[in-house]
Amino acid sequence: MGTAKRWARGGGRRRSTRGQRLRVGAPLPGAGACCSAAVGKYLMVDIKTRFAPSPTGQLHVGSARTALFCHLLARKMGGMLLLRIEDTDRARHVEGAVERIVDDLKWLGIDWDEGAGVGGDKGPYVQSQRLGIYTKHVEKLLDAGLAYYAFETAEQLAGLRQTAEAEKRSFIYRRPDSLPTRGQAEAVKAEGRPAVVRFKTPGEDVAIHDEVYGVVTVPGDQQDDFIIMKADGWPTYHLANVVDDALMGVNFIVRGQEFLGQTWRHKLLRDAFGWPEPRYAHLPLIMDMKGRKLSKRDGDVDILSFRKAGYLPEAMINFIALLGWSPGNDRERFSLEELREAFDIDRLNKTNAKFDRDKLLAFNTAAIAEADEDRLLVAFEDYLSLNETPFPAGDTAMLRRLLQVNKGFRTFADIVSKSGSLFVADDAVEYNGKAVEKVLAKNDGDGWAVLAELRALLGACPWTGEALEKLLGEFCTGRGLGMGKVAQPLRVALTGGTISPAIGETLTLLGKDKTLSRIDRCLALART
RNA sequence: GGCCCCAUCGUCUAGUGGUUAGGACACCGGGUUUUCAUCCCGGCAACAGCGGUUCGAGCCCGCUUGGGGUCACCA
C-alpha cells in the first residue's frame with residue numbers, strides 16, 4: 001500500500017521536489033517514534049541517527065564524512081544524533097582510540113546529543129559493556145528456534161571456502177540436516193570445542209529500501225546462515241548493531257555503502273525480533289585518486305594527520321560535505337552552520353567520489369583567507385601544540401605577527417617553511433647551493449658585493465621597518481637596481497634560501513644582531 | 001567467480017526530454033607583486049559504446065563495456 005508507493009521510485013534518480021519532501025513526513029515504521037514535530041510546513045516523525053565507529057585506530061575522512069552527514073541530518077530535521085562505540089572485536093581494539101575519535105569529532109565541530117561522552121538513558125554506549133544484553137537476545141533467538149549452534153572450526157570453514165573458490169563457486173554455509181540441541185551444545189563447549197551461534201536465514205528474497213539507492217533486492221539463494229555470536233561469546237557486528245539500534249531508538253541509519261549488500265541480515269534480524277525497520281541511507285564510498293577504496297591503511301587520510309599538517313577544520317568539513325552531496329546549484333563554500341541549514345538527504349548521490357587533495361588545499365587556502373585573526377590564532381596555536389617548530393608558541397603577539405606577515409599561506413605548515421629559519425640559531429641556517437649560486441655568485445658575485453655594501457649601511461641603521469625600507473629603497477635607486485637585486489641576496493644570507501616574508505618584515509623579525517651576524521657568516525662563505 | 005551497486009570535463013559536481021552542457025579544483029597562458037604564496041584575467045577540457053522509446057535524448061528503457069562493493073568467528 002503506502003509502502004509500495006513510497007518506494008516506487010526504485011533505483012531511479014531521486015531529486016528533491018516538493019512532492020518528495022512530503023514523503024519525509026509520511027507515517028513511518030520507524031522505531032522510537034515517540035513524538036512528532038512540525039518543522040516548516042512539514043509534519044515529521046522525530047528522527048534519531050547514530051554514528052557507530054569501531055575504535056580500531058584513527059578517525060579517517062570516510063568515517064568523518066559519515067559522522068558529518070549523520071550530524072547534518074539530525075540537525076536539519078530537528079532530530080538526535082547518538083554516538084556508540086562498537087568494540088565487540090576485542091582483538092582489534094586500540095587503546096585510546098575512543099578518545100581519539102571523540103577528540104577529532106570535536107575538532108571538526110561535530111557534536112552529538114547522546115551516547116559516548118555525553119551520556120543518556122539508553123546506555124551504556126560502549127558495546128563491550130553490553131555483553132549481557134546481546135547474550136540475552138541470542139538466547140531469545142535460540143529459544144524461538146530462529147538460531148542454532150554450529151561447531152565448525154575457523155580452519156574447517158576456511159577449507160570449505162577454499163574448495164568453493166577452487167571450483168569457482170561462492171561459498172555459502174550449508175545448514176546441517178539436524179541441528180544440535182542446547183544440551184549437545186553445552187557438551188561441546190564443555191569439551192572446549194568452539195561453538196558459534198548462527199542465524200537461521202529463511203532464504204527468501206529480501207528487499208531493502210534505501211533513501212539513496214532505492215530498492216535493493218538480495219536473492220534468497222545468496223543468503224547464508226551468518227554467525228551472530230562468535231566462539232568467544234561476543235556478538236558479531238550484525239547482531240550487536242541491530243540490537244543496539246533498536247534498543248536505543250535509532251530510526252535512521254546513515255552509513256557507508258559497503259554495508260548496503262549486507263543490510264538484508266539486519267532486516268532479517270529485526271524481523272525475527274519483531275522490531276520495525278529504520279530508514280536507511282547508504283553513502284557512496286570515498287576512493288583514493290587511483291579509484292581504490294580509501295582505507296585507514298592508506299596513511300595520512302585520517303583527520304588528525306590533516307590537523308597536524310595545518311588544515312582548518314572548517315575547510316575539512318566543507319570539503320568532505322561535497323563528497324557525495326551537493327546543494328544543487330553552483331555554490332560550494334559552506335560553513336558547518338550553513339551546511340546544517342542547506343543539507344538535504346534527497347540530494348545525496350550514488351557515485352563513489354575520489355578524494356582530491358588539491359581541491360582540499362584550495363578550500364583550506366580560501367578558509368584561511370576568510371578567517372579573522374583571532375580564529376587563525378586559535379588554530380595556529382593548536383597546530384603548534386601538535387608540531388615541533390622553531391616558533392615561540394607562548395608568544396601570542398609574535399604568533400599574530402607571523403599570521404600577518406605570512407598572509408596568503410595555504411596551511412600553517414607554510415608559515416614554518418617561510419618563516420621558520422628566522423627563529424633558529426644562526427649556525428643552524430643551511431645555505432641552499434642553488435640559491436647561493438643564482439643570487440650571490442652569478443655575474444661575478446654581484447650579489448656578494450651588494451651584500452657587503454648593505455652590511456655596512458645596515459650596521460648604522462635604526463632597526464625599524466620604516467627606516468629599513470627607506471634605506472633599501474634609497475640603496476636601490478642610488479644603484480639603479482631593482483628591489484629584487486637587493487632583497488634576494490639579503491634573503492639568501494639571512495635564511496639560506498630565496499623564500500621569506502617581505503624583506504622589511506624579514507629584517508625586523510630577525511633583529512639587528514642576527515641580521516648582521518648572518519650576513520657576516522654568509523660573507524665568510526664567499527671567501528671559501 | 002556469484003550477487004548487488006554505479007557511470008557528465010583529469011577530479012568534485014550542476015543538469016529531472018528541447019542548454020552555446022554550467023560552476024569549482026587541477027592544468028595551460030597572461031597580469032599584479034622585492035622572493036614564495038596570495039590575488040586578478042583568459043583558455044583547455046565531459047555526456048563510455050550500441051540499440052531502442054520520442055518530433056526531439058546527458059536526462060527514459062535494454063544490452064555491452066568499464067568501475068566499485070560484498071561474499072570473515074572485522075566492523
Side-chain angles (χ1 to χ4, degrees), chain A residues 11-17 52-54 56 86-89 91-92 150 152-154 157-158 161 164-165 167-172 194 196-198 208 210 213-214 216-219 221-224 226-232 234 236-238 240-241 256-262 264 282 284-285 287 289 291-293 319 322-333 349-363 365 368-369 406-410 414 417-418 435 439 472 476 482-488 490-492 495 497-504 506:
Chain A
R13 283 204 156 196
R14 304 148 309 100
R15 287 286 92 115
S16 138
T17 69
S54 177
T56 54
E86 310 219 328
D87 58 347
T88 53
D89 184 349
R92 292 213 309 159
E152 292 83 1
T153 63
L157 292 172
R161 215 166 274 127
E165 196 181 333
E167 295 171 9
K168 299 218 170 206
R169 309 186 334 257
S170 56
F171 171 70
I172 290 180
V196 301
V197 177
R198 287 181 181 270
I208 300 302
D210 188 83
Y213 291 95
V216 177
T217 304
V218 178
D221 63 10
Q222 295 294 318
Q223 302 166 17
D224 63 347
F226 55 97
I227 293 173
I228 54 178
M229 186 177 277
K230 308 180 236 178
D232 62 7
W234 285 89
T236 55
Y237 162 77
H238 303 297
N241 185 270
Q257 193 220 48
E258 68 264 32
F259 292 107
L260 181 55
Q262 308 191 65
W264 61 269
H282 285 88
L285 268 19
M287 323 293 276
M289 284 306 276
R292 309 175 66 103
K293 189 177 167 189
F319 181 68
L322 263 22
L323 260 26
W325 177 83
S326 77
N329 51 40
D330 286 341
R331 182 177 178 195
E332 58 176 16
R333 297 303 317 282
N349 57 242
K350 311 175 187 180
T351 55
N352 292 168
K354 288 178 182 158
F355 190 78
D356 185 355
R357 289 164 188 275
D358 287 334
K359 184 145 183 169
L360 204 213
L361 217 211
F363 270 45
T365 305
I368 284 170
N406 284 282
K407 280 246 163 54
F409 64 97
R410 299 151 69 87
D414 286 351
S417 54
K418 190 164 169 177
V439 176
L472 292 178
C476 283
M483 186 56 100
K485 290 288 182 194
V486 176
Q488 287 305 77
L490 267 178
R491 276 204 174 82
V492 175
T495 70
T498 56
I499 299 169
S500 85
I503 199 64
T506 298

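Reminder, nothing fancy here: chain letters follow the sequence lines and each chain counts from 1.
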Asks: Round to the nearest Å and state the distance from A/Lys350 atom NZ to B/rU16 atom C1'.
Replies: 12 Å

Asks: Would you measure the distance from the P atom in B/rC73 across to the matching atom in B/rG15 and give it in whole Å?
Replies: 42 Å

Asks: How far does the C1' atom of B/rU54 sit from the matching atom of B/rA72, given to the nearest Å?
Replies: 50 Å

Asks: Rounded to the nearest angstrom, tell me the gap between atom CD1 in A/Ile499 and atom C1' in B/rU34.
Replies: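 It is 14 Å, rounded to the nearest whole Å.
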
Asks: Should the side chain of A/Gln262 and the base of B/rA75 be counted as holding a donor-acceptor pair, with the cut-off at 3.5 Å?
Replies: yes

Asks: Quick one: label A/Glu332 by what it contacts on the DNA or RNA (base, sugar-phosphate, nothing), any heavy atom closer than 4.0 Å.
Replies: base

Asks: Determine the interatomic distance between C1' on B/rC61 and the same-named atom on B/rG67; round to the nearest Å.
Replies: 22 Å

Asks: Would you measure the distance from the P atom in B/rC12 across to the matching atom in B/rG68 and give it in whole Å?
Replies: 13 Å

Asks: Return the value, rounded to whole Å, for the distance between atom CD of A/Gln257 and atom P of B/rC4.
Replies: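 Roughly 14 Å, once rounded to whole Å.
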
Asks: Check every strand shown and say whether A/Asp414 touches a base, only sugar-phosphate, or nothing at a heavy-atom separation below 4.0 Å.
Replies: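 Since no nucleic acid heavy atom lies under 4.0 Å of A/Asp414, the category is nothing.
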
Asks: If you find the nucleotide of RNA chain B closest to A/Asn406 and the one closest to A/Met483, which residue's nucleotide is nearer the 5' end?
Replies: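 Nearer the 5' end of the strand: A/Met483.
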
Asks: So what does A/Leu260 touch, heavy atoms closer than 4.0 Å: a base, only the sugar-phosphate, or nothing?
Replies: nothing

Asks: Relative to the 5' end of RNA chain B, which residue comes earlier, A/Gln488 or A/Gly324, by the nucleotide with the nearest heavy atom?
Replies: A/Gly324

Asks: Just the rounded figure in Å: distance from P of B/rU11 to CZ of A/Phe355.
Replies: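 My rounded result for the distance is 16 Å.
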
Asks: Indicate, with a heavy-atom threshold strictly under 4.0 Å, whether A/Ala353 touches base, sugar-phosphate, or nothing.
Replies: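 Sugar-phosphate, no base atom in range.
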
Asks: Look at all strands and tell whether A/Arg169 reaches a base, only sugar-phosphate, or nothing, counting heavy atoms closer than 4.0 Å.
Replies: nothing

Asks: State whether the distance check finds a donor on one side and an acceptor on the other, under 3.5 Å, for side chain A/Lys359 versus base B/rA24.
Replies: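 Answer yes: a donor N or O sits under 3.5 Å from an acceptor.
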
Asks: Would you give the length of the straight line joining atom NZ of A/Lys359 to atom CD of A/Glu332, rounded to the nearest 0.5 angstrom?
Replies: 3.5 Å

Asks: Write down the partner of B/rA48 under the Watson-Crick or G-U wobble criteria, each distance required to be under 3.5 Å.
Replies: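 Looking at the geometry, B/rA48 pairs with B/rU64.
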
Asks: For B/rA72, does either OP1 or OP2 sit under 4.0 Å from a side-chain N or O belonging to A/Arg92?
Replies: no

Asks: With a 4.0 Å cut-off on heavy atoms, is A/Thr506 in touch with a base, just the backbone sugar-phosphate, or nothing at all?
Replies: nothing

Asks: Can you tell which of A/Asn352, A/Leu323, A/Thr351 makes a side-chain contact (heavy atoms from CB on, under 4.5 Å) with A/Pro284?
Replies: A/Asn352

Asks: Closest heavy-atom contact between A/Arg331 and A/Arg333?
Replies: NE-O, 3.1 Å

Asks: Base, sugar-phosphate, or nothing for A/Pro53, non-hydrogen atoms under 4.0 angstrom?
Replies: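 No contact.
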
Asks: Under 4.0 Å between any heavy atoms, over every strand shown, what does A/Val216 touch: base, sugar-phosphate, or nothing? Just pick one.
Replies: sugar-phosphate

Asks: Determine the contact category for A/Glu165: base if any of its heavy atoms lies under 4.0 Å from a base atom, sugar-phosphate if only primed atoms, P, OP1 or OP2 are that close, otherwise nothing.
Replies: nothing

Asks: Is A/Asn352 close enough to B/rG67 that one of its side-chain N or O atoms is under 4.0 Å from OP1 or OP2 there?
Replies: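 For B/rG67, neither OP1 nor OP2 has a side-chain N or O of A/Asn352 closer than 4.0 Å.
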
Asks: May I ask you to say what A/Glu258 touches in the nucleic acid, namely base, sugar-phosphate or nothing, with a heavy-atom cut-off under 4.0 Å?
Replies: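 Sugar-phosphate, backbone atoms only, no base.
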
Asks: Can you tell me the pairing partner of B/rG1 across any strand shown, Watson-Crick or G-U wobble, with both distances under 3.5 angstrom?
Replies: B/rC71

Asks: My understanding is that a pair needs two contacts under 3.5 Å, Watson-Crick or G-U wobble. By that rule, which nucleotide pairs with B/rU19?
Replies: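 Its partner is none (no Watson-Crick or G-U wobble pair with both distances under 3.5 Å).
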
Asks: Paired with B/rU53: which nucleotide, if any, by Watson-Crick or G-U wobble criteria at under 3.5 Å for both distances?
Replies: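 Here B/rU53 is not engaged in any pair, so there is no nucleotide opposite it.
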
Asks: Say we look at B/rC60 and B/rA14: how far apart would their P atoms be, to the nearest angstrom?
Replies: 14 Å

Asks: Go through the steps for A/Leu360 and A/Phe355 under the test side-chain contact (heavy atoms from CB on, under 4.5 Å), then give the verdict.
Replies: CA-CA 9 Å; A/Leu360 204 213; A/Phe355 190 78; 4.2 Å; yes

Asks: Students often get this wrong, so: under 4.0 angstrom with heavy atoms, is A/Thr498 touching a base, only sugar-phosphate, or nothing?
Replies: base

Asks: A/Ser500 near the nucleic acid: base, sugar-phosphate alone, or nothing, with a heavy-atom cut-off under 4.0 Å?
Replies: base

Asks: For the C1' atoms, the ones on B/rC41 and on B/rU33, what distance do you get once it is rounded to whole angstrom?
Replies: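 My reading of the C1' atoms in B/rC41 and B/rU33 gives 16 Å.
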
Asks: For the C1' atoms, the ones on B/rC5 and on B/rG31, what distance do you get once it is rounded to whole angstrom?
Replies: 48 Å

Asks: Under 6.0 Å from the NZ atom of A/Lys485, do we count more than 12 heavy atoms belonging to anything else shown?
Replies: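 Open.
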
Asks: Sticking with atom C1', work out how far B/rA75 lies from B/rU70, rounded to a whole angstrom.
Replies: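 About 14 Å, rounded to a whole number of Å.
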
Asks: Classify the nucleic acid contact of A/Thr153 as base, sugar-phosphate or nothing, counting any heavy atom under 4.0 Å across all strands shown.
Replies: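 The residue A/Thr153 makes base contact.
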
Asks: Looking at every strand, decide which applies to A/Ala362 at a 4.0 Å heavy-atom threshold: base, sugar-phosphate, or nothing.
Replies: sugar-phosphate

